[in-house]
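Inspection log for the structure reproduced underneath, given as C-alpha cells.
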Amino acid sequence: MLLLVMALTLVQGKLIGAGLVTSSGGASPAYPTSTAFQQTPAPAAAPDTLPADTLPAGPIQLLRPDLDTLPAPAISGSTAEFIMSSDSLTAPVDYAAEDSMWVDFEAQEIHLYGSATVDYQTISLKANHIVLNYGTNIVFAEPLPDSIGRPAGQPEFSDGGQSFVAKEMRYNFKTKKGIVYGTTTTQDDIFVRGGKSKFVSGAVRIDDTTRADVIYTEGAIFTTCSDEHPHFGIRTRKAKVIPNKLAVIGPSNLEIMGVPTPLWLPFGFFPLKSGRSTGLLFPSDYQYSPQFGYGLQGVGWFFPIGEHVNLQVTADYYLKGTYALNTNVRYVRRYKYSGSFNASFRNQQVEDDELNINTNKGISLQWSHRQDRSAHPTFNFGGSLNFQTNLVDQRFINSYEVASQNVIRSSMNMTKQFPGIKSTLTAGLNHSQSNQTRQITVNFPDATFQTQTIYPLRNLPGKQSAWWKKLSMRYKNALRTEFSGADSTFFTQATLDDGQYGFRHDVTAAVSLNVLKYFNVSPNISYEEVYYGKTRDYRLDGNITQDTIIDPITGEERIEVSSLGDIINELNPGLASYRTFSAGVSVSTQLFGKVKFRKKGLLGLQGLRHVMKPSLNFGYQPNYLNGRDYISDTPYFIAENEIDPLNGDSTTFLSPFANQIFGAPTASEQRLGIGYSIANLFEAKVWNKKDSTSQNVKLFQNIGVSGSYDFTLDSLKWSTVRFSGGTQFFKGVTRINVSATMDPYITRYDAAKESYQRVDVFNLSEGRFPLSLTNLSSTISTNITVQKIRELFQGAEEEVVTDLEEERRKRREEETTLFEETDLLSLFERFSIRHTFNFRFAREFNTDDPDVDDRGTPVFQQIANSIELRGDLQLTNNWRVNIGQIGYDFTSKRITYPYLSFVRDLHCWEMRFSWAPQRNTYQFSIAVKPGTLDFINLPVNQNRFDGGRLLSQ
C-alpha cells in the first residue's frame with residue numbers, strides 16, 4: 001500500500017503521458033517479462049497530457065527526460081518520503097534505474113530497466129530488469145538481452161556481505177525467502193553453481209549480532225574453475241550452503257568436462273569461511289612404488305593458532321611400512337616479523353635384492369625467521385636453520401636442488417648496534433653439514449663484538465690536518481664454541497666431551513700520513529690474545545718396535561729399539577692462552593702513464609692508460625718458539641724430539657693450541673722483513689662510431705705482483721713471487737683469471753728428506769732465467785644468454801642500471817610475460833650457456849734419477865672443463881619447457897646431472913612432467929591448480945630407489 005501511495009503522489013505531481021517513451025522520444029521496445037507475475041503490457045499510445053486530478057484506468061509510466069535536450073539523471077526514489085501504512089515494510093525501500101521506470105497499478109508492480117537497484121535494510125539487488133510488487137512485497141529480477149542478443153545484467157543479490165549471482169530470481173521481503181535459478185556463489189576460490197535453489201535470509205545465527213543466509217540447491221557443482229561451464233567439479237544432487245561458513249552436500253561424484261566419473265562421495269563438507277579455519281587436508285599426492293607400495297602424501301589437519309600462527313600436521317604413508325610425519329608452523333606479525341618452522345621424522349623401509357628389509361630413519365629441521373626493517377632501528381634477529389640426519393632429504397625427496405646439494409648451512413644471528421659507542425654485537429648459531437662425509441659442525445654460541453674505526457684524538461684542538469687527529473683504532477673480540485661429529489653420533493655425550501671453546505680479542509692502531517705530497521705512509525701495530533678452554537697434549541702411543549740383530553762374528557743376539565711408537569694427541573680441559581704482537585709501516589703511491597694517438601687512431605684507438613700502485617710494507621714479529629703462557633705456563637711450541645727422543649725432529653714443532661678454533665701462533669723465530677706488491681690497471685680510450693663519443697675500456701684488471709724479503713733468515717731470504725691478474729671480453733661475457741708462482745731459487749733433491757727442496761742458490765747464478773715457474777693456474781668462464789648473443793651481433797648498447805629495485809621489478813615482469821615471437825631465436829631468449837675451463841701447469845721432478853732432472857718437467861693438468869645449458873622455452877601461451885640443467889663434463893667424460901620438465905596450462909588444470917635421467921626418476925601429474933580442490937590430481941612418478949633398481953637390472 002505504501003508503494004501505491006508513492007505512485008499516486010508521483011502521478012499527481014509530474015506525469016507526461018501514459019505511453020512509455022525512451023530517451024530519444026520514440027516508443028520503447030517490448031521488454032520480456034515473466035509470466036509468473038502476469039504483468040499487464042503497456043498500451044501502445046497515450047494522450048500528451050493528463051488533468052491533474054485524473055487517473056488513467058490502465059498502467060501508468062514515469063518517464064526520463066529527453067536526452068536530446070538535457071543529460072538525463074538516473075531515476076531514483078525512496079519510500080521514506082511517504083506516510084507508511086500499518087501493513088507496509090518496517091524500513092524504507094530505495095530504488096534506482098539508469099534507463100526507465102513504469103508503474104502498473106492494476107498488477108501493483110513497478111518496473112525498473114537498465115542497471116536497476118533495490119535496497120532494503122542490509123539487502124541489495126542489482127539487475128538489468130527488476131519488477132517490484134508493492135502489494136505482495138515480492139521482487140523479481142532477470143537479465144535483458146544486449147545489442148547482440150546475449151543476456152546482460154544478471155541479478156546480483158547481497159545481504160550483509162554475503163552475495164551471489166543468478167540467472168533469474170524472486171524474493172519476498174516479508175518472509176525473507178526466495179527462489180533462484182542458475183545461482184553462482186563465490187566463497188574464496190570455490191564457485192558454487194546451482195540449478196534451482198531456495199534461500200532464506202538470516203536463517204542461521206552466527207553470533208549475537210550476526211545471522212547468515214541459507215541456500216538449499218539442487219544439481220549444484222562445487223569447483224575452482226571460473227568458466228561458466230566448469231571443466232571439473234564435484235556434482236551433488238542436494239546441498240545446503242551457508243555462505244561464508246559451510247556447505248553440506250549429499251551423495252556426490254566427481255565430474256570432469258561434463259562427464260560423471262565413478263568416484264563417489266556419500267556426503268561431504270566444504271568450509272566456506274573466509275580466512276583461516278580448522279580443517280582436513282586432503283592428500284597432495286597419490287603414489288605407487290614397487291619398493292614402498294601404494295601410498296598417500298600430505299594427508300593431515302590444519303590448525304589456526306591465535307591470530308598470527310598457523311599449524312599444519314601432515315603424514316606420508318605407504319603400505320609396505322615407509323612413512324613420514326611432518327609439522328609446518330607459519331607465523332607473521334605485520335611490521336614486526338615473519339617466519340616458518342618445519343620438522344619431519346621419516347622412516348624408510350627398503351628391500352634389497354636378497355629380500356632383506358633395511359630401515360633408514362632420520363629427522364629434518366628447518367627454521368626461517370625474518371624481522372621487518374621497521375621493527376627496531378638498532379636490533380635485528382633473523383636467519384635460517386637447516387639440519388638433517390642420515391641424509392634423510394636425499395633419501396626421500398626427488399628434486400635436482402636436493403640431489404645436487406653437497407653442504408647444508410645454517411646461520412641464525414642477533415645483531416645489536418650501539419650508536420653511542422660506535423660498535424656492533426653479533427651473536428648466534430652457525431652450522432655446516434657435509435652430505436658426502438656426513439660430518440656436522442656447529443658453532444654455538446658464536447658471538448662477535450667490534451667497534452667501528454675510532455679516531456680518539458680527533459676532537460683535540462688544532463688543525464684538522466694534524467697527524468695525531470688521523471690516529472685510528474679498532475677493537476674486536478670473539479667468543480666461539482664448536483661441536484663436531486658424524487651425523488649418526490652427533491647427539492651423544494661424546495660430542496659434548498669433544499667440544500672446543502675459545503675467546504679472542506685484538507686491537508689495531510694505525511695513522512695515515514702524507515709524505516712528500518705523493519706518498520702515503522701508515523705506521524700500524526696489532527695485539528692479539530687467544531684463550532682456550534682445552535689444550536692439546538702430545539704423547540707416544542706405546543707401540544714400541546724392536547728388531548733382533550745377530551752379530552755376524554760372535555753370533556750373539558741383541559735387541560735394538562727402532563721406534564718408540566707414533567705421536568698421538570688429545571684435547572684435555574684446562575685454561576690456556578697465547579699472545580701475538582706485530583708492528584709495521586706501509587708506504588704506497590700511484591704512478592700514471594698515458595699514450596695518446598692522433599685523431600681516431602688505429603681501429604678507433606685514441607689512447608692507452610696505465611695505473612701502477614706500488615706498495616712496501618716493513619714488518620716486525622717477535623720470537624714465539626720460546627713463548628709460554630703466563631697463566632698456565634703452557635709452552636707455545638714443543639720440539640718433536642722432546643716427545644720422541646729416538647726419531648723426533650728437532651726442527652719440527654708441535655703446538656698445544658694447534659687445530660683449534662682460532663688456530664695457533666706462527667711457528668717462527670723473530671722476524672723482520674719487507675713485503676712488496678705492485679697492482680696494475682690497463683685501460684684504453686676507444687672511439688665509438690655509433691654515438692660519436694669516446695669510451696674507456698678496461699684491458700687488464702688487477703695485474704698484481706707480490707713477494708717478501710726476510711732479514712732475519714740465514715738463507716732463502718727471498719720468498720716466491722706471486723703473479724695474479726684477470727680480464728674480460730665481449731662486455732663481460734667471458735672472464736679470465738690467472739695466477740702463477742715463480743721462484744728465484746733452484747730446487748734440488750734432498751736425500752735425507754727424499755724430496756725436492758729449495759736451496760740457497762739463485763737461478764741467475766746458474767745462468768738460468770732469474771725466475772723459474774713453479775706452477776700456473778687459470779680459469780676461463782663464459783656465461784652468456786641467447787639475448788646477449790643477439791645484442792653483441794646487433795651492436796646494442798649496454799644499459800646502465802641506476803635504480804636496482806626498478807630493474808628487478810622489470811625483470812620479474814619480463815619473466816612472467818610471454819614475449820612476442822618474431823623469429824626462431826626469440827624462443828630461446830631465456831636460455832643461458834655456461835662454460836668453465838680450469839687448468840694448471842706444475843713442475844714434476846724425477847725422483848728415480850734426481851741428478852738428471854733438477855729443473856723438473858712442466859705438466860699440464862686439466863682440473864675442470866664443463867659446459868652447461870639452462871633456460872625456459874615458452875612455446876605458446878600454455879606450453880612451457882624448462883631445462884633445469886644439461887651439460888657435459890669433459891674432465892670426467894660424462895653428462896652432468898640433466899633435469900628436464902614441461903608444463904601445460906589447462907585453464908583450471910595443470911599438467912606437469914619432470915625427468916632426471918641420470919637418477920632414472922620422473923614425476924608426471926595432471927592436477928587442479930593450487931587452491932581448495934588441488935587434491936584432485938592424477939600423479940605418476942618413480943622415486944630414486946625404484947629407478948636405481950631398474951638401472952641395475
Side-chain angles (χ1 to χ4, degrees), residues 453 455 463-467 469-472 510-524 584-619 673-709 718-742 744 769-771 773 776-780 797-802:
T453 302
Y455 298 89
K463 295 182 179 180
Q464 293 295 326
S465 59
W467 69 268
K469 291 195 173 185
K470 299 179 181 179
L471 177 65
S472 64
V511 61
S512 179
L513 305 174
N514 185 266
V515 179
L516 300 178
K517 191 178 180 178
Y518 299 108
F519 295 92
N520 293 322
V521 180
S522 179
N524 59 84
V585 178
S586 65
V587 181
S588 63
T589 186
Q590 294 189 32
L591 302 175
F592 299 89
K594 293 183 180 180
V595 177
K596 294 185 178 180
F597 301 100
R598 293 182 178 181
K599 297 182 179 179
K600 300 179 181 179
L602 180 63
L603 300 176
L605 183 63
Q606 294 182 309
L608 296 174
R609 183 172 182 260
H610 176 209
V611 181
M612 180 186 296
K613 299 179 180 180
S615 175
L616 293 177
N617 297 280
F618 299 89
I674 181 173
Y676 61 88
S677 65
I678 303 175
N680 297 271
L681 173 65
F682 295 90
E683 293 180 317
K685 179 175 286 188
V686 181
W687 176 261
N688 191 332
K689 297 181 180 180
K690 189 171 184 178
D691 54 6
S692 301
T693 58
S694 299
Q695 294 181 343
N696 291 332
V697 179
K698 294 182 179 180
L699 301 178
F700 298 99
Q701 305 178 51
N702 302 323
I703 305 296
V705 181
S706 62
S708 63
Y709 180 85
W718 290 97
S719 70
T720 58
V721 182
R722 294 172 293 276
F723 295 86
S724 63
T727 186
Q728 59 184 20
F729 300 98
F730 311 115
K731 296 183 179 181
V733 171
T734 300
R735 298 178 182 272
I736 300 177
N737 294 309
V738 181
S739 62
T741 302
M742 306 189 76
F769 189 77
L771 298 175
L773 180 65
L776 181 147
S777 62
S778 177
T779 300
I780 304 174
E797 293 295 326
E798 189 172 356
E799 297 183 2
V800 178
V801 179
T802 57

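None of the values given here were measured: they were computed from a predicted structure.
- Every residue two or more places apart in sequence or in another chain was checked for a side chain to side chain donor-acceptor pair (under 3.5 Å) with S677, and none qualifies.
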* Go through the steps to decide whether L608 and F597 satisfy the test side chain to side chain contact (heavy atoms under 4.5 Å, CB included), and finish with yes or no. => CA-CA 9 Å; L608 296 174; F597 301 100; 4.3 Å; yes
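- Here K596 contributes atom NZ and K685 contributes atom NZ; the two are 7.0 Å apart, rounded to the nearest 0.5 Å.
- Shown here are the side chain to side chain donor-acceptor pair (under 3.5 Å) partners of R735, two or more places apart in sequence or in another chain: Q728.
- Side-chain atoms of S719 and S708 form a donor-acceptor pair, as typed in the model, at a separation below 3.5 Å.
- Taking each heavy atom of F723 and M742 in turn, the nearest pair found is CE1-SD, 3.5 Å.
- Annotation: the span from K470 atom NZ to L513 atom CG amounts to 6.5 Å, rounded to 0.5 Å.
- T589 has its side chain out of reach of N520: every pair of non-hydrogen atoms, C-beta onward, lies at least 4.5 Å apart.
- The neighbour count for F519 CZ, taken as heavy atoms of other residues, nucleotides or ligands under 6.0 Å away, does not exceed 12.
- With T734 contributing its side chain and F729 its backbone, the two residues share no donor-acceptor pair below 3.5 Å.
- Here S739 pairs with S777 under the side chain to side chain donor-acceptor pair (under 3.5 Å) rule; sequence neighbours left out.
- Residues satisfying the side-chain contact (heavy atoms from CB on, under 4.5 Å) test with A510, not counting sequence neighbours, are S472, S522, N524.
- Applying the side-chain contact (heavy atoms from CB on, under 4.5 Å) test to N617 and every residue at least two apart in sequence or in another chain returns S586, S615.
- Within a 6.0 Å sphere centred on CZ of F592, heavy atoms belonging to other residues, nucleotides or ligands number more than 12.
- V686 approaches Q606 most closely through the heavy-atom pair C-OE1, 4.3 Å.
- Take N702 and apply the side-chain contact (heavy atoms from CB on, under 4.5 Å) test, not counting sequence neighbours, and it matches no residue.
- Residues V738 and S778 approach most closely at CG2-OG, 3.6 Å, considering heavy atoms.
- Closest heavy-atom contact between G726 and I703: N-CD1, 4.0 Å.
- W718 and Y676 have perpendicular rings, their planes meeting at more than 60° on a 0 to 90° scale where under 30° would count as parallel.
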